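Just so we're on the same page: letters track the sequence lines, and every chain starts at 1. Model, not experiment: these values are computed from the prediction.
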2 protein chains.
Amino acid sequence: MASPRRLGAPDAKNRTVLIDAAEQLMLEEGYAAVTARRVAARAGLKHQLVHYYFRAMDDLLLAVFRRRAEQGLERQAQALASGQPLRALWQHSTDTRDTTLVMEFMGLANTREAIRSEIARYAERSRVAQVEALAGLFAEGRLTSDACSPEVLTVLLTSVSRVMIMEQALGMTIGHAETAAFVERWLRRLEREP
Amino acid sequence: MASPRRLGAPDAKNRTVLIDAAEQLMLEEGYAAVTARRVAARAGLKHQLVHYYFRAMDDLLLAVFRRRAEQGLERQAQALASGQPLRALWQHSTDTRDTTLVMEFMGLANTREAIRSEIARYAERSRVAQVEALAGLFAEGRLTSDACSPEVLTVLLTSVSRVMIMEQALGMTIGHAETAAFVERWLRRLEREP
DNA sequence: GTCTATAATCAGATAGAC
DNA sequence: GTCTATCTGATTATAGAC
């Protein structure tokens, strides 16, 4: 065979511990801080174990991304199925940790093709789910708008929440309160009868 | 004195050449690719020259940022002073290169405090200029809106352009055409009389 | 599954000659 | 202003013992 190298079991406890540590590091210090040594140190393990569980560092990064992305899709589905789907969606998309991680992975996507395609795949799944759910609500008459299609609605909500969270991380908040209030008013109007 | 180390003149030609190379690298491969050796190689110089012109790599990154940011503020001012300020602003904020660079620097901001505060400073200047210009246009009656304040307008436009450009880089375009059309309609309506 | 040991590479930065 | 040479430390990854 080509590769005689051993790899740890997919369900091993320390595998999860390493993914946790990598996620924390990424969140606090950005993807450049996610090195085998730093991840292992945070997990209380030797750095060689990172290579035992993950063939390459990119595989660890992908594992972090996939876990978060799956959780995100699930929670999004719950929000869209709730009584006030729009406001639940808005609340979900303003999660700081999720957004920060997504932004880090988008930065990584420049150089690592495997990560780029994975992000694109999940982002499309997420958007399609949103569009379909919103289209359903429009069809049922639970949402009404003269100007705004489901596609536009999802793009706008995603954009505003992402950028506001990024700016918050910078310590910049000019216009945020006004914009949040504007979005709330807008969502409330959409969720009412015409 | 504390530092006997020599530093190249601020206006030296090779200083500019290095900033150019760093900017290109950052754009094409992300901030992690901006190492002294890679920058020098792209500039056709020895890597030690990077350290001769920049005390530390962060200073090079800051130089890249400042140059772009100054250009950006200038072009934004021109857009806001033009005949169709809103659409000029929108066109300016959908510049792919500028946005990609800003995103890279936002990623860097996690770890490097000096860069974080510099970005925040410029971002605030940019937003304040936009808000003031738009407020002036509202006051003159050249813009009209029942629901949307200048603050909200700037945050929305910035958000949508940034996120659409980031998603484009991923190869993801669901809802982009519809959203662009929506924004165009909206801006046209704002620029008309009530 | 975890360890020690090691290889090979790359990074930022500085000293000193020219 | 640019060069050679070098230091120091970090990185990913692998081999092989236990």
Side-chain angles (χ1 to χ4, degrees), chain A residues 1-22 25-26 28-64 104 107-108 110-115, chain B residues 1-22 25-26 28-64 104 107-108 110-115:
Chain A
M1 300 308 285
S3 171
R5 182 166 160 210
R6 294 187 296 156
L7 266 189
D11 59 336
K13 185 190 144 209
N14 274 345
R15 195 186 185 89
T16 308
V17 171
L18 289 170
I19 296 176
D20 291 342
L25 263 174
M26 204 167 185
E28 292 168 18
E29 305 186 42
Y31 64 77
V34 183
T35 67
R37 280 170 168 80
R38 298 206 57 194
V39 169
R42 178 158 298 216
L45 300 170
K46 301 280 178 181
H47 67 267
Q48 293 91 336
L49 279 185
V50 175
H51 302 294
Y52 173 65
Y53 284 106
F54 302 94
R55 184 174 300 274
M57 289 306 290
D58 278 14
D59 293 324
L60 170 55
L61 294 170
L62 272 176
V64 172
E104 283 301 319
L108 274 167
N110 272 339
T111 359
R112 332 245 182 153
E113 168 57 23
I115 291 179
Chain B
M1 300 309 283
S3 171
R5 182 166 159 211
R6 295 187 295 159
L7 264 189
D11 59 336
K13 185 191 142 207
N14 273 346
R15 195 188 184 86
T16 307
V17 171
L18 289 170
I19 296 176
D20 292 341
L25 263 173
M26 205 166 182
E28 293 168 17
E29 305 186 42
Y31 64 77
V34 183
T35 68
R37 283 168 170 82
R38 296 206 58 193
V39 169
R42 177 158 299 215
L45 300 169
K46 300 281 178 179
H47 69 267
Q48 292 91 336
L49 280 184
V50 175
H51 301 293
Y52 173 64
Y53 283 107
F54 302 94
R55 185 174 297 276
M57 289 307 289
D58 279 13
D59 294 324
L60 171 55
L61 295 170
L62 272 176
V64 173
E104 283 300 321
L108 274 167
N110 272 340
T111 359
R112 333 244 182 155
E113 168 56 22
I115 291 178

Quick check on DNA chain D: between V34(A) and K13(B), whose nearest nucleotide comes earlier from the 5' end? K13(B)
Please walk me through it: do N110(B) and E104(A) pass side-chain hydrogen bond (donor to acceptor under 3.5 Å, both in side chains)? CA-CA 10 Å; N110(B) 272 340; E104(A) 283 301 319; 2.6 Å; yes
Minimum-distance nucleotide to [X] side chain [options: [options]]:
| X | options | answer |
| --- | --- | --- |
| R6(B) | dA17(C), dC3(D), dC3(C) | dA17(C) |
| Y52(A) | dT4(D), dG1(C), dA13(D) | dG1(C) |
| A12(A) | dG1(C), dT4(C), dC3(D) | dG1(C) |
| T35(B) | dA11(C), dA13(C), dG1(C) | dA11(C) |

Length of the [atom1]-[atom2] vector between [X] and [N], whole Å:
| X | N | atom1 | atom2 | result |
| --- | --- | --- | --- | --- |
| L25(A) | dA10(D) | CG | P | 15 Å |
| M57(A) | dT9(C) | CE | C1' | 16 Å |
| Q48(B) | dA5(D) | CD | C1' | 9 Å |
| L49(B) | dG12(C) | CG | C1' | 15 Å |
| K46(B) | dA5(D) | NZ | P | 10 Å |
| L18(B) | dG12(C) | CG | P | 13 Å |
| H47(B) | dC3(D) | NE2 | P | 11 Å |

Which heavy atom in Y31(B) sits nearest to a heavy atom in G107(B), and how many Å separate them?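 Between these two residues, the closest heavy atoms are CE2-C, 4.0 Å.
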Think N14(A) has a side-chain N or O under 4.0 angstrom from the OP1 or OP2 of dT2(C)?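 True: N14(A) side-chain N/O within range (under 4.0 Å) of dT2(C) OP1/OP2.
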Within the pair H51(B) and dG12(C), is there a side-chain N or O less than 4.0 Å away from OP1 or OP2? no
Is there a donor and acceptor pair, one atom on the side chain of R38(A) and one on the base of dT11(D), closer than 3.5 Å?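 Check fails, no donor-acceptor contact within cut-off.
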Measure distances between side-chain N and O atoms of R37(B) and base N and O atoms of dT9(C), and say whether any donor-acceptor pair falls under 3.5 Å. no
Ignoring hydrogens and geometry, is there a side-chain-to-backbone donor-acceptor pair from R15(A) to Y53(A) under 3.5 Å? yes
Within the side chain of R42(A), is there an N or O that forms a donor-acceptor pair under 3.5 Å with the backbone of A21(A)?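 Answer holds: no.
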May I ask you to say what Y53(A) touches in the nucleic acid, namely base, sugar-phosphate or nothing, with a heavy-atom cut-off under 4.0 Å? sugar-phosphate
In this structure, which one of L7(B), L60(B), L62(B) forms a side-chain contact (heavy atoms from CB on, under 4.5 Å) with F54(B)?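 Of L7(B), L60(B), L62(B), side-chain contact (heavy atoms from CB on, under 4.5 Å) with F54(B) is met by L60(B) alone.
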